[in-house]
Student: 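Got a structure for you, questions after.
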Amino acid sequence: MTEWTHIYSYFDPVAFNLFGIPVHWYGIFYVLSLLTALSLAHWIIKKDSYPISSNLLDSYFIWVEIGVILGARLGYIIFYDPYMSYYLTHPWQIFNPFDTQGNFIGIRGMSYHGAVIGFLIASLLFAKYKKVNFWLFMDLAGLSVPLGYVFGRIGNFLNQELVGRQTQSSLGIYVDGILRHPSQLYEAFLEGIVVFVILFWWRKRATFVGQIGILYVILYSLMRFIAEFFREPDVQMGFIALGWLTQGQLLSLILGGFCLVLFFKPQSYQSHNSKSQPPKKRKNG
């Protein structure tokens with residue numbers, strides 16, 4: 001286990017340099033996460049007979065990716081960044097990939113919960129513009145996102161960021177001389193694999209359009225809440241309440257609680273579309 005415990009001593013977060021610009025493993029795995037989610041979505045619309053064409057899905061993907069990037073960056077600034085006021089008064093710096101010395105450092109600081117908000121706004125705009133069922137796309141996203149998310153968290157692990165809390169566990173790895181939980185991998189398993197398995201099994205049992213998408217948010221929020229007990233709180237914030245509650249847990253409670261209401265009261269948002277039904281499933285699914 002020595003090699004595992006000291007893995008960061010052997011591993012460079014930079015995969016290679018391209019024309020003098022460092023390409024991090026995180027960036028590579030981020031691309032893999034997008035390709036995985038898109039490929040899975042294409043497979044699902046065929047397997048489960050979703051009334052969504054491949055061209056429409058590709059168009060939707062472009063819309064939501066823009067929303068995710070904008071939402072993730074702005075969400076981090078609003079929810080986590082201590083220099084929020086600076087960025088809000090200097091908006092051109094929000095996506096500036098260079099430091100004050102002109103060195104390329106990439107865009108750092110993304111929030112999952114901000115990404116969700118950006119994703120939802122982009123999805124709503126897309127549904128209105130294309131005149132399609134918003135909740136049908138939420139179901140498809142709920143099934144497609146989790147496995148892609150696995151690669152995102154592995155990217156965090158390889159980039160040596162979002163590190164875990166101190167531990168004496170044999171699973172721990174040394175980060176700057178301190179043995180810590182590999183919490184990014186815990187999140188990859190809980191928020192990615194576990195959530196996907198549950199939703200893939202549940203998809204044939206869904207009783208209304210939108211249920212899978214809503215259940216995804218509930219399950220993610222639950223798994224994120226659990227995983228946060230192994231993840232080091234953001235250094236600029238620490239615990240925000242009760243001596244143990246983190247910002248990630250608070251946001252998960254709010255988002256998960258809201259979707260829990262929608263899950264048990266679908267009529268609160270679908271009363272105008274009482275005939276909506278989940279896509280028909282093939283018998284061999």
Student: Is the closest basic N to carboxylate O distance between Arg165 and Glu232 below 4.0 Å?
Tutor: no
Student: What are the two closest non-hydrogen atoms of Ile218 and Gly256, and how far apart are they?
Tutor: CG1-O, 4.0 Å
Student: Examine distances only and state if a side-chain atom of Arg153 and a backbone atom of Ala188 form a donor-acceptor pair shorter than 3.5 Å.
Tutor: no
Student: Do you know the tightest heavy-atom contact between Asn159 and His24?
Tutor: OD1-CD2, 3.2 Å
Student: For Phe229, does the CZ atom sit with more than 12 other heavy atoms under 6.0 Å from it, leaving out its own atoms?
Tutor: yes
Student: With a 4.5 Å cut-off on side-chain heavy-atom distances among I, L, V, M, F, W and Y, is there a chain of contacts connecting Leu124 to Val68?
Tutor: yes
Student: Is the CG atom of Asn17 crowded by more than 12 outside heavy atoms at less than 6.0 Å?
Tutor: yes
Student: Decide if the gap between the ring center of Phe137 and the ring center of Tyr60 is smaller than 6.0 angstrom.
Tutor: yes
Student: Minimum heavy-atom separation for Ala227 to Leu190, with atom names?
Tutor: CB-CD1, 4.3 Å
Student: With heavy-atom distances below 4.5 Å as the criterion, would you say the side chains of Glu228 and Ser252 are in contact?
Tutor: no
Student: Without swapping roles, check the side chain of Glu65 against the backbone of Ile62 for a donor-acceptor pair under 3.5 Å.
Tutor: no
Student: Before giving the answer on side-chain contact (heavy atoms from CB on, under 4.5 Å), spell out for Ser123 and Trp63 the whole-Å C-alpha distance, their side-chain angles and the decisive distance to 0.1 Å.
Tutor: CA-CA 7 Å; Ser123 296; Trp63 280 63; over 6 Å; no
Student: Could you check whether atom CH2 of Trp25 has more than 12 heavy atoms from other residues, nucleotides or ligands sitting under 6.0 Å from it?
Tutor: no
Student: side-chain hydrogen bond (donor to acceptor under 3.5 Å, both in side chains) with Tyr220: which residues, sequence neighbours excluded?
Tutor: Tyr149, Arg224
Student: For Arg203 and Phe200, indicate whether the former's side chain and the latter's backbone hold a donor-acceptor pair under 3.5 Å.
Tutor: yes
Student: Would a single hydrophobic cluster contain both Tyr112 and Leu253, if residues Ile, Leu, Val, Met, Phe, Trp and Tyr are joined by side-chain heavy-atom contacts under 4.5 Å?
Tutor: yes
Student: Taking side-chain hydrogen bond (donor to acceptor under 3.5 Å, both in side chains) as the test, write out the residues that go with Trp244, two or more places apart.
Tutor: none
Student: Roughly how far, to the nearest 0.5 Å, is CZ of Phe126 from OG of Ser59?
Tutor: 4.5 Å
Student: How far apart are the C-alpha atoms of Val194 and Met223, what are their side-chain angles, what is the distance that settles it, and do they pass the side-chain contact (heavy atoms from CB on, under 4.5 Å) test?
Tutor: CA-CA 9 Å; Val194 172; Met223 298 303 169; 3.7 Å; yes
Student: Got more than 12 heavy atoms from elsewhere within 6.0 Å of OH, Tyr129?
Tutor: no
Student: Can you find a heavy atom in the side chain of Leu245 that is under 4.5 Å from one in the side chain of Phe225?
Tutor: yes
Student: Does Leu219 reach the side chain of Leu199, with side-chain heavy atoms less than 4.5 Å apart?
Tutor: yes
Student: Under 30°, 30 to 60°, or over 60°: which ring-plane class applies to Tyr8 and Phe157, parallel, tilted or perpendicular?
Tutor: tilted
Student: Any side-chain heavy atom of Leu140 sitting closer than 4.5 Å to one from Leu57?
Tutor: yes
Student: What distance separates Tyr174 OH from Ser9 OG, expressed to the nearest 0.5 Å?
Tutor: 10.5 Å
Student: Does the side chain of His113 come within less than 4.5 Å of Leu255's, by heavy atoms?
Tutor: yes
Student: Using a 4.5 Å cut-off on heavy atoms from C-beta on, say whether the side chain of Val14 contacts that of Val23.
Tutor: no
Student: Taking all atoms of both residues into account, what is the closest heavy-atom pair of Ile44 and Ser144, and its distance?
Tutor: CD1-OG, 4.1 Å
Student: Enter the distance from Asp58:CG to Ile52:CD1 here, rounded to the nearest 0.5 Å.
Tutor: 11.5 Å
Student: How close do Ser170 and Trp4 get, counting heavy atoms only, and between which atoms?
Tutor: O-CD1, 4.2 Å
Student: Is NZ or CZ of Arg73 both nearer than 6.0 Å to the six-membered ring centre of Tyr76 and within 45° of the ring axis?
Tutor: no
Student: Please check if the number of heavy atoms outside Phe258 that lie under 6.0 Å from its CZ is greater than 12.
Tutor: no
Student: Following the transitive rule for hydrophobic clusters with a side-chain heavy-atom cut-off under 4.5 Å over Ile, Leu, Val, Met, Phe, Trp and Tyr, establish whether Leu18 and Leu158 coincide in one cluster.
Tutor: yes
Student: Taking the six-membered ring for Trp, are Trp135 and Phe208 ring centroids under 6.0 Å apart?
Tutor: no
Student: Output the distance between atom CD1 (Ile77) and atom OG (Ser85), rounded to the nearest 0.5 Å.
Tutor: 11.0 Å
Student: What's the shortest heavy-atom distance between Pro51 and Leu136, and which atoms?
Tutor: CG-CD2, 3.5 Å
Student: Set out, in order, the CA-CA distance, both residues' side-chain angles and the distance that settles side-chain contact (heavy atoms from CB on, under 4.5 Å) for Lys265 and Leu262, then state yes or no.
Tutor: CA-CA 5 Å; Lys265 291 189 175 182; Leu262 296 181; over 6 Å; no
Student: Quick one: does Leu143's side chain get under 4.5 Å of Tyr50's, heavy atoms only?
Tutor: yes
Student: Evaluate the side chain to side chain donor-acceptor pair (under 3.5 Å) criterion for residues Gln211 and Thr207: first the C-alpha distance (whole Å), next the side-chain angles of each, then the deciding distance (0.1 Å), finally the verdict.
Tutor: CA-CA 7 Å; Gln211 189 178 56; Thr207 56; 3.3 Å; yes
Student: Assigning hydrophobic clusters by single linkage (Ile, Leu, Val, Met, Phe, Trp, Tyr; side-chain heavy-atom cutoff under 4.5 Å), is Leu147 placed with Phe189?
Tutor: yes
Student: In a check of side chain to side chain donor-acceptor pair (under 3.5 Å) between Tyr186 and each of His181, Glu191, Arg231, which one passes?
Tutor: His181
Student: Less than 4.5 Å apart, any side-chain heavy atom of Leu120 and any of Met138?
Tutor: yes
Student: Say whether Leu215 and Val197 are linked into one hydrophobic cluster, either directly or through other cluster members, by side-chain heavy-atom distances under 4.5 angstrom.
Tutor: yes
Student: Any chance you could measure Ile28, atom CD1, to Ser33, atom OG, to the nearest 0.5 Å?
Tutor: 12.5 Å
Student: With rounding to the nearest 0.5 angstrom, report the OH to CG distance, Tyr30 to Asn156.
Tutor: 11.5 Å
